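Small disclaimer: the values here were computed from a predicted structure and weren't measured. The sequence lines fix the lettering, A, B, ..., with proteins before strands; numbering per chain opens at 1. What's counted below: heavy atoms across the whole structure, side chains too, no hydrogens, waters or symmetry copies.
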Amino acid sequence: MSDYDIKKLQKRVTNGGLDRREFIKAASAMGLAAVAPALYSQAAHATPKRGGTYRVGLGGANTGDKYDPADNGDTFMTNINQGAARNNLVEIGPSGEWMPELAESVEASPDAKTWVVKLRQGIEFHSGKTLDADDVIASIEHHRGEKSVSDAKSVAESMGKIRKDGKNTVIFELDGGNADFPYLLSDYHILIGSADKSGKVDWESADGTGAYVLKSFEPGVRAHLIRNPNYFKEGRGNFDEVKVTAINDAAARMNAMVTGQVDAIARCDLKTASMLEKKPGVSVLQTSGTKHYTYPMDMRQGPFDNKHVRMALKLGIDREAFVKTVLRGYGTVGNDHPIASSQNYHASELPQRQYDIEKAKWHLKQAGLSNLDIEIAASDAAFGGAVDATQLYAEQVRPAGINIKVNRVSADGYWNNVWMKVPWSASYWSGRPTADMMFTIGYKAGGNWTESHWNNPRFEQLLIQGRAELDEAKRSEIYVEMQTIVNQDGGSVIPCFANNVDAASDKLGRSAKLAGNRELDGGRSIERWWFT
Amino acid sequence: MLLKRLVLGILTLVAISLLITLGVEALSGDVCTAMMGQMASAAKVAACHSQLNLNLPMHERYLTWLWNFMQGDLGNALTNHRSIASLIGNRIGNTFFLAGLAALVAVPLALTLGVIAALYRNSFFDRAISIVTLSGISVPDFFIAYILMAIFAVWLGVLPAISNLDQSMDLWDRIYISALPVLTLTVAVSAHMMRMTRAAIVSLLASPYIEMAKLKGIRPSRIIIKHALPNALSPIIQVVMLNLAWLVVGVVIVEVVFVYPGLGALMIDAVFLRDMPVVQATAMVFASVYVILNLLADILSMLSNPRLRHRN
């Protein structure tokens, strides 16, 4: 009996659900105090083993998918490309910290304007070509320039002048200092491919440096990968073969997991995840990431140009209920700014905004209004359950004298025709690894994706200042102030952060702490996991 | 006669391709904005337009496509630039395999049930068949799919929950892995064919020649099979062909639920991404299936009817 319980506890450690202190406390309660530390390390430091065929079911697949990372955006392709076949210069670790991947070192000048990237030597592509500085430059240039249609165009263009210094060194000269520069290199679009003599990368050849070689690929259907015997990382790339199946329907994904047709899935159906948790042999994995849902208001026009109206709308949403019903508990409440509690520089001292109808009424009065009729557009393209969630919001805010009319619109073409086109709509962000990247893409004045169209001079000033600041304490101060400004003045209601909810067979081994930056261990389960 | 039908069929296809073009053009956005989604910006969309020749007016793009299509060139997908012929190749086979398998099960089953129902009309048995098959048709197909999945895959564990058919599988594996979608489709199409068979036979049973046969003392089963069924064939063929066509073109949801790599899913993705050449190619396949099956239905009706057969 006790043996069974301790195994269960150990499993939770291996899955990252329990830390050392909690484990030892629980094990001691079972009368195992003397051996608890040993049992903990046994669970936490399982060593990878080689072999087996890993079958994984992923959503977000499309028959129009391609190898070119400029076009990759969803789980299916990022898991195959970044997670298996290719590498970045920099990798994001389990705690959200950056570490060199194809790079050996990434070093900044004191003003964070010049960055020197030294490459690891002797890394070979699947084709046998040796990685050098030309490959890196060609891979990044691919996203830049007038003809670029890359999703990473703005990221790549912020990398300034790129030149090589010998075969193994690449130097980036930025226009302004950026202390977070290494994170840009970890972007899932900025993968390194092999350049030909003309300085272009043939992305369709799928030639990469990754742990697996792509054997076959049918867009929107499946991919088959085999292990790269020359992989440069120790203990990674453990499976002999990997079969990735595209399963876009959430219920079908759950069924494939339940019936054992796959070993792991990304993105559980939240409605049935709690039932899957009860199934023996399967673990539901939760990581807290950066994905969050937003309700951006167009601050250029009334009534959203009034700070009190925005505040009333922020106070009128019951965040606890939102997390409970929309996310089925798989998430945490948001505080009207886009930095997750798991991220660096999160403003933990900032008071959590509560559902407060009296205060909302007061703000409405300050705005010179006794009641307010407004419209919002919602579609499940914004996030799963967005229409129901918004209707719920409308009911919650009604007692404050605010009548929200929810316009249900088609998911098809939502991002082109509705989002940022109508004054108020539902939206989501998968988030960015750093505060600077998130604020730059979603909140900078005049940006393409500044969804609330806001412009706050103090915020703009801090954005530039924080980016180049290498002093951690000063940086933290700056980002906390920026979060406070967004919380107080910003145009987005941000009710929650959604967890990544995946499932995996207990036959799979994985490290104690899973990365939360993307689904399935940072989108790298194929490279990182193994069969025990 | 046949030639005339063939020419009309080809004209129908051209008309459909034009309608499809107008339809997809009328949708908001285009392949560039659809691919970029939330990350679209004016400069990127403009670059994408010029890369894909989307700056040309619609009629020019349509005529170019039509000209290439007439010469048998389906072109490349706008999204991933893969050749459409190869994108469609395997999927056509898969779609016809699934439809064929479902037809092999559903058609004999429905016709037999229909004959039996006509034979024992208004009995308990007749009502039971009607209730079961009509319930099958009244429930949406994805719901049938989930119920069958829950019973056979999750609860009993005898059939696979997802049917990710693979070119390397042998015939038996393919049949096994496609079992649940085939069952789902069988439930979905049987009612219509069975009811039509029953109705066509029952309506004939009041005719004088059947009365004559009865008076001669022929057994009821023989009356129905030998005397009524051949004369009821024409409407039955029509409804069978209609259902066969549905099995090819109407199974998108079943494909999605069972992760079956057929043509339907390809078309839906292509419409969503506004990938016009792929939409056109799949639409042409689907439209051809309808045209050919209708043609076949007419020919078979003619053959089954001595009056039409011996007119000239």
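Ranked by heavy-atom pairs under 4.5 Å with chain A, the first of B/Met35, B/His81, B/Arg91 is B/Arg91.
Interface residue B/Tyr146: only side-chain heavy atoms are found under 4.5 Å from chain A. Of the two parts of B/Leu52, neither the backbone nor the side chain holds a non-hydrogen atom closer than 4.5 Å to a non-hydrogen atom of chain A. Proximity to chain B (any heavy atom under 4.5 Å) is shown, for A/Ser410, by neither the backbone nor the side chain. A/Trp203 does not touch chain B: none of its heavy atoms, backbone or side chain, sits under 4.5 Å away. With a 4.5 Å cut-off on non-hydrogen atoms, A/Asp68 does not touch chain B at all. Using a 4.5 Å cut-off between heavy atoms, B/Ala34 touches chain A through its backbone atoms (N, CA, C, O) alone. At a 4.5 Å heavy-atom cutoff, the contact between B/Val154 and chain A is made by backbone and side-chain atoms alike. Contact annotation for A/Tyr414: neither backbone nor side-chain heavy atoms come within less than 4.5 Å of a heavy atom of chain B. With a threshold of 4.5 angstrom between heavy atoms, B/Asp275 does not approach chain A through any atom at all. Using a 4.5 Å cut-off between heavy atoms, B/Ile162 contacts chain A through both its backbone and its side chain.
A donor-acceptor pair is defined here as one N or O able to donate and one able to accept, closer than 3.5 Å; such a pair exists between the side chain of A/Arg222 and the backbone of B/Leu165. In this structure a side-chain-to-backbone donor-acceptor pair under 3.5 Å is present from B/Lys44 to A/Ser150. The backbone N or O of A/Lys147 lies less than 3.5 Å from a partner atom in the side chain of B/Gln51, making a donor-acceptor pair.
Each of B/Thr79, B/Leu266, B/Asn80, B/Asp269 was evaluated against A/Pro219; a single residue qualifies, B/Asn80, per the side chain to side chain contact (heavy atoms under 4.5 Å, CB included) test.
Around the CD atom of A/Glu146, the shell of radius 6.0 Å holds no more than 12 heavy atoms that belong to other residues, nucleotides or ligands.
Of all heavy-atom pairs spanning B/Ala47 and A/Ser148, the tightest one is CB-O, 4.1 Å. When all heavy atoms are compared, the tightest approach of B/Met36 to A/Val149 is CE-CB, 3.8 Å.
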Next on the checklist: Could you go through A/Asn62 and B/Leu273, starting from their C-alpha distance and side-chain angles, then the distance that decides it, and tell me whether this counts as side chain to side chain contact (heavy atoms under 4.5 Å, CB included)?
Outcome noted: CA-CA 9 Å; A/Asn62 193 289; B/Leu273 284 179; 3.2 Å; yes
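Using a 4.5 Å heavy-atom cut-off against chain B, the contacting residues of residues 244-262 of chain A are A/Thr245, A/Ala246, A/Ile247, A/Asp249, A/Ala251, A/Ala252, A/Asn255, A/Ala256, A/Val258, A/Thr259, A/Gln261. Contacts from residues 74-82 of chain A to chain B, taken as heavy-atom pairs separated by less than 4.5 Å, involve no residues at all.
Summarising the geometry, atom CD belonging to A/Glu218 is positioned 10.5 Å from atom CG belonging to B/Asn164; distances are rounded to the nearest 0.5 Å.
B/Met58 pairs by the side-chain contact (heavy atoms from CB on, under 4.5 Å) definition with B/Thr21, B/Leu22, B/Glu25, B/Arg61, not counting sequence neighbours.
Counting only residues at least two apart or on different chains, the disulfide bond (SG atoms under 2.5 Å apart) pairs with a member in residues 42-78 of chain B are B/Cys32-B/Cys48.
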